[in-house]
Novice: 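After the structure tokens below, expect a handful of questions from me.
Position 1 is the first residue of the sequence; numbering continues from there. Just so you know, ligand 1 is whichever comes first in the structure, and atom 1 is the first atom listed for that ligand. This structure is a prediction, so every number in the text was calculated from the model and none was measured.
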Amino acid sequence: MKIIYSSACLGYQQPGHPESPQRVQSTYEHLKDLYPFLAPEEIDENILQTVHTGEHVDSVRTGSYHDVDTPYFNNIFDIALLSVAASLTAVNIALEGELVFSLMRPPGHHAKKDSPGGFCYFNNIAIATTYALSKVRSVAIIDFDAHHGNGTQDIFLGHDRVLYLSTHQSPLYPGTGIQSEQNCRNYPLPAGTDEKSYIPVFKQLLNEVHDFNPDMIAVSAGFDAYRGDPLTGMNLDIATFEKIGSMIVGLGKPVFAVLEGGYASELKQCVHSFLRGLESIQP
Ligand SMILES: [Zn+2]
């Protein structure tokens with residue numbers, strides 16, 4: 001297991017905003033003596049336009065967009081690009097057959113082709129998946145964040161080499177993912193969903209991944225379905241994420257995972273639990 005991280009991702013903050021640098025910093029502190037850490041490899045910013053419009057890329061550079069949840073900072077372009085770079089480094093490591101987790105911010109799964117949203121500027125998992133598709137035939141994206149990855153769905157709807165699958169609380173921001181559409185398989189769950197009712201649904205989701213038989217699995221790893229999360233009403237336990245990780249790696253495919261949400265102070269334990277699950281079976 002390798003972890004991709006750069007402390008540069010801590011370099012922006014809006015006071016009171018739940019997507020704080022402390023969430024990632026404390027996770028880094030918790031894991032730093034347990035796993036090897038690697039810095040993101042440098043990338044060319046042109047790769048952003050493999051999923052985003054040029055107008056969107058420019059709007060993140062200049063702040064000419066409007067989204068109250070996703071504030072503009074004068075260094076956000078470089079930090080969001082670094083978060084994308086970390087996800088691409090993760091793909092390269094997964095292609096070598098190693099497990100890998102990108103511990104970076106900002107998250108990405110709410111960023112659409114042409115707009116930011118929900119604390120996300122560029123869609124890390126979508127750009128990484130598009131890059132992976134230059135190396136392998138097909139990728140399944142498993143998104144267990146408590147919010148629907150509307151940006152990822154926007155980017156890949158109808159793509160025949162990508163299967164997007166999401167479990168998420170509904171109703172909840174962003175309000176999408178109420179039903180499956182084509183290659184985007186949505187599993188909306190009521191507030192209060194606990195491990196006992198979550199795991200059978202997740203097994204059903206994994207059956208779809210198994211049938212798709214992808215060459216690689218990309219994971220939008222959000223931990224806000226944890227019962228202590230201040231932004232959602234889901235009731236998963238810290239140990240549930242170990243089960244999720246173990247079930248994903250049990251598919252026997254190369255896996256890379258990228259941090260999305262998770263706003264409780266127990267984020268570090270939730271991430272650690274997930275990593276233990278991924279390591280439970282050697283691929
Ligand atoms: Zn979320």
Novice: What N/O/S atom of D224 gets nearest to the Zn ion (ligand 1)?
Specialist: OD2

Novice: Return the name of the atom in H147, of element N, O or S, nearest to the Zn ion (ligand 1).
Specialist: ND1

Novice: For D145, what is the atom name of its N, O or S atom nearest to the Zn ion (ligand 1)?
Specialist: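 The nearest such atom is OD1.
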
Novice: Check whether the ring centres of Y173 and H110 lie less than 6.0 Å apart, and answer yes or no.
Specialist: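 Close enough - the centres of the two rings lie under 6.0 Å apart.
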
Novice: Regarding E19 and Q14, is there a side-chain donor-to-acceptor distance under 3.5 Å anywhere?
Specialist: no

Novice: Who else is in L157's hydrophobic cluster (ILVMFWY, side-chain heavy atoms under 4.5 Å, direct or via others)?
Specialist: none

Novice: Does V68 sit in a hydrophobic cluster with other residues, and if so which ones, taking ILVMFWY side chains as linked at heavy-atom separations under 4.5 Å, directly or through other members?
Specialist: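 Its cluster partners, ordered by chain and number, are none at all.
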
